[in-house]
Number of protein chains: 2
Amino acid sequence: MTWSEVPAAPKYSRLTPEQRQAALIAAGLACLARGGILEFTIDNICREAGVSRGLITHHFGSKDGLMVAIYRSMYHRLHQGIEAPTPEAPPGARLRAMVETIFAPELFSREELNIWLALWGEIVNNPALKREHRRQYARYLRNLEAVLAEVVAARGLVLEVRPLAQMVIALVDGLGLERCIEPRLLSPRAARDICLSTLEAVLGPLDGRK
Amino acid sequence: MTWSEVPAAPKYSRLTPEQRQAALIAAGLACLARGGILEFTIDNICREAGVSRGLITHHFGSKDGLMVAIYRSMYHRLHQGIEAPTPEAPPGARLRAMVETIFAPELFSREELNIWLALWGEIVNNPALKREHRRQYARYLRNLEAVLAEVVAARGLVLEVRPLAQMVIALVDGLGLERCIEPRLLSPRAARDICLSTLEAVLGPLDGRK
DNA sequence: CTGACTACTATACAATCATTCAACAATGAG
DNA sequence: CTCATTGTTGAATGATTGTATAGTAGTCAG
């Protein structure tokens with residue numbers, strides 16, 4: 001039989017757990033970006049990843065497990081950008097750099113923001129996601145407070161840092177919401193400028209370029 | 001036959017379309033507040049309203065129709081609070097009054113905010129909802145811009161009003177997001193104070209009590 | 001009391017949901 | 001080459017999704 005000599009093509013590629021998990025996370029992100037939480041279904045994600053339905057349970061235990069991993073990956077990128085070490089720069093410049101990073105087009109894109117928005121709506125209603133949020137948000141808040149405390153100290157201002165950090169986070173998220181819903185009305189640069197000028201009104205001029 | 005003399009209890013009460021629609025909107029709001037968009041299902045809503053499954057289609061055409069009506073009702077309450085006439089008050093006091101209204105406990109409650117959050121996540125992905133949002137948001141923005149323009153003019157500031165209004169909206173929504181997710185970390189009063197002190201940093205002290 | 005209108009119920013429907021599980025097959029160790 | 005490991009498939013499951021539709025029954029005009 002001649003056909004038996006033709007080596008059969010592999011029916012699927014076998015990846016390491018880390019590789020496959022990364023692929024599933026990417027597929028989940030794509031679904032969230034495309035259609036929000038209602039498009040975040042096992043079928044959609046697995047179709048997007050080119051994979052059969054059983055794999056999410058196998059690698060993440062459940063759909064919730066994947067959602068938590070996805071939320072963690074979103075914050076991971078944010079932390080990476082924000083925690084970039086610029087130790088010797090003056091506090092004002094470091095704060096400015098953090099803001100510039102947050103509003104950079106690759107983090108402040110509509111797809112990215114649609115993912116955040118979809119997940120925000122589930123935090124309150126999903127215990128596992130809420131737990132993950134607590135950890136990531138605490139780290140985010142800590143980073144912001146540290147920089148703000150330095151600025152406040154360097155200028156001898158009398159301001160509580162916690163409400164200041166909450167204000168910044170609210171501003172960032174709120175501008176993200178506005179841009180996500182109506183990108184035409186708010187470019188990443190415009191959003192960044194709004195955030196920076198508000199900060200300067202509160203803290204005084206931030207040094208740094210321009 | 002004795003039983004025929006007992007008048008049968010009505011199997012259901014028949015309401016006017018306006019009454020029934022209001023009841024269904026209330027039931028939908030309850031579902032959104034309780035579990036976000038994933039709990040916003042025909043079955044849940046009709047069970048909440050004590051009504052059979054067909055009524056939503058009958059009164060609103062579809063589930064989307066009800067969702068649009070619900071979103072409109074949310075903005076309706078906001079507009080009502082904000083557009084309260086205080087014509088003779090100075091601009092600063094009027095701006096302060098608007099902020100006080102927005103952050104009042106009955107509008108800035110966790111249930112209320114969970115509804116906003118759930119709907120925000122669907123605006124981008126639902127054309128009908130997006131259309132309704134455009135109308136309501138425009139009105140909201142217009143109201144804010146009007147008051148801000150008066151404050152800016154009265155004080156001779158050189159500030160663009162549009163970005164200013166976008167900043168305020170972002171701040172309000174972002175603070176709402178933070179409070180919804182973690183009510184313990186941000187009371188309505190604390191959120192209001194953050195908003196007011198930010199505004200004063202930008203515009204100068206707002207007159208009015210306290 | 002009678003009839004018309006229509007709010008309302010209740011079922012049926014096909015599609016889709018998340019999860020389970022037995023069997024398969026790609027891969028590396030030996 | 002051979003075998004054990006385990007990443008992966010694919011079908012089955014039962015629950016739930018939104019909507020369509022036929023029929024029921026509450027209510028009011030006459």
Side-chain angles (χ1 to χ4, degrees), chain A residues 4 6-28 31-32 34-70 118 122 125-129, chain B residues 4 6-28 31-32 34-70 118 122 125-129:
Chain A
S4 72
V6 176
K11 294 189 175 179
Y12 58 87
S13 72
R14 193 187 180 99
L15 304 183
T16 67
E18 293 75 28
Q19 288 173 322
R20 184 64 72 192
Q21 285 167 21
L24 287 172
I25 287 173
C31 291
L32 285 173
R34 186 190 317 124
I37 198 68
L38 295 181
E39 294 288 322
F40 187 76
T41 67
I42 298 268
D43 283 321
N44 283 342
I45 299 162
C46 290
R47 194 181 312 121
E48 174 79 28
V51 132
S52 75
R53 266 196 296 275
L55 262 196
I56 289 178
T57 305
H58 182 257
H59 283 291
F60 294 96
S62 67
K63 199 181 86 159
D64 275 10
L66 173 60
M67 186 159 59
V68 168
I70 283 176
E122 290 311 301
N125 311 300
N126 185 311
L129 191 59
Chain B
S4 70
V6 176
K11 294 190 177 179
Y12 60 88
S13 71
R14 194 188 179 97
L15 304 183
T16 68
E18 294 74 28
Q19 287 173 322
R20 184 63 73 191
Q21 285 166 21
L24 288 172
I25 288 174
C31 290
L32 286 173
R34 187 191 314 124
I37 198 69
L38 296 180
E39 294 288 323
F40 187 76
T41 67
I42 299 269
D43 285 322
N44 283 343
I45 299 162
C46 290
R47 195 180 311 123
E48 173 79 28
V51 133
S52 76
R53 263 196 298 275
L55 263 197
I56 289 178
T57 305
H58 182 257
H59 283 290
F60 294 97
S62 67
K63 197 182 87 160
D64 275 9
L66 173 58
M67 186 160 58
V68 167
I70 283 176
E122 289 311 300
N125 311 299
N126 185 311
L129 192 58

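A, B, ... follow the sequence lines: proteins, then strands. Residue 1 opens every chain.
The B/Asp43 side chain lies nearest to D/dT17 when the options are C/dA7, C/dT9, D/dT17. Nearest to the side-chain atoms of A/Lys63 among the listed nucleotides C/dT19, D/dT9, D/dG18 stands C/dT19.
Nucleotide D/dG18 holds its C1' atom 10 Å from the CD1 atom of B/Ile56, rounded to whole Å. B/Gln21 has its CD atom 14 Å from the C1' atom of C/dC8, to the nearest Å. The nearest whole Å value for the distance from the CD atom in A/Glu18 to the C1' atom in D/dG7 is 12 Å. With rounding to whole Å, A/Glu39 atom CD is found 13 Å from C/dC17 atom C1'. Distance CD1 (B/Ile42) to P (C/dC17): 17 Å, rounded to an integer number of Å. Atom CG in B/Leu55 sits about 15 Å away from atom C1' in C/dT11, given to the nearest Å. A/Arg53 places its CZ atom 10 Å from the C1' atom of D/dA12, with the value rounded to the nearest Å. Nucleotide D/dG18 holds its C1' atom 14 Å from the CG atom of B/Asn126, rounded to whole Å.
For the side chain to side chain contact (heavy atoms under 4.5 Å, CB included) with A/Arg47, the qualifying choice from A/Ile45, A/Asn44, A/Val51 is A/Asn44, the only one to do so. Among A/Leu55, A/Ile56, A/Ile42, the single residue meeting the side chain to side chain contact (heavy atoms under 4.5 Å, CB included) criterion with A/Leu66 is A/Ile56.
To the nearest 0.5 Å, the span separating CG on B/Leu38 from CD1 on A/Ile37 amounts to 6.0 Å.
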Reading nucleotides 22-30 of chain C 5' to 3', which nucleotides get B (base under 4.0 Å from a protein heavy atom), which S (sugar-phosphate only), which -? ---BBS---

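Side-chain contact between B/Arg20 and B/Ser13: present, with at least one pair of heavy atoms (C-beta onward) separated by less than 4.5 Å.
Smallest separation of non-hydrogen atoms from A/Ala69 and A/Phe60: CB-CE2, 3.7 Å. Considering all non-hydrogen atoms of both residues, B/Arg34 and A/Asn125 come closest at O-OD1, 3.6 Å. The shortest heavy-atom contact between A/Cys31 and A/Glu48 is SG-CB, 4.2 Å.
A/Thr16 comes within 4.0 angstrom of no nucleic acid atom, judged by non-hydrogen atoms across all strands. The residue B/Leu15 sits close only to the backbone: its heavy atoms come under 4.0 Å of sugar-phosphate atoms, none of a base. Within 4.0 Å of B/Thr41, counting heavy atoms only, lie sugar-phosphate atoms of the nucleic acid but no base atom.
For C/dA7, one of the phosphate oxygens OP1 or OP2 lies less than 4.0 angstrom from a side-chain nitrogen or oxygen of B/His58.
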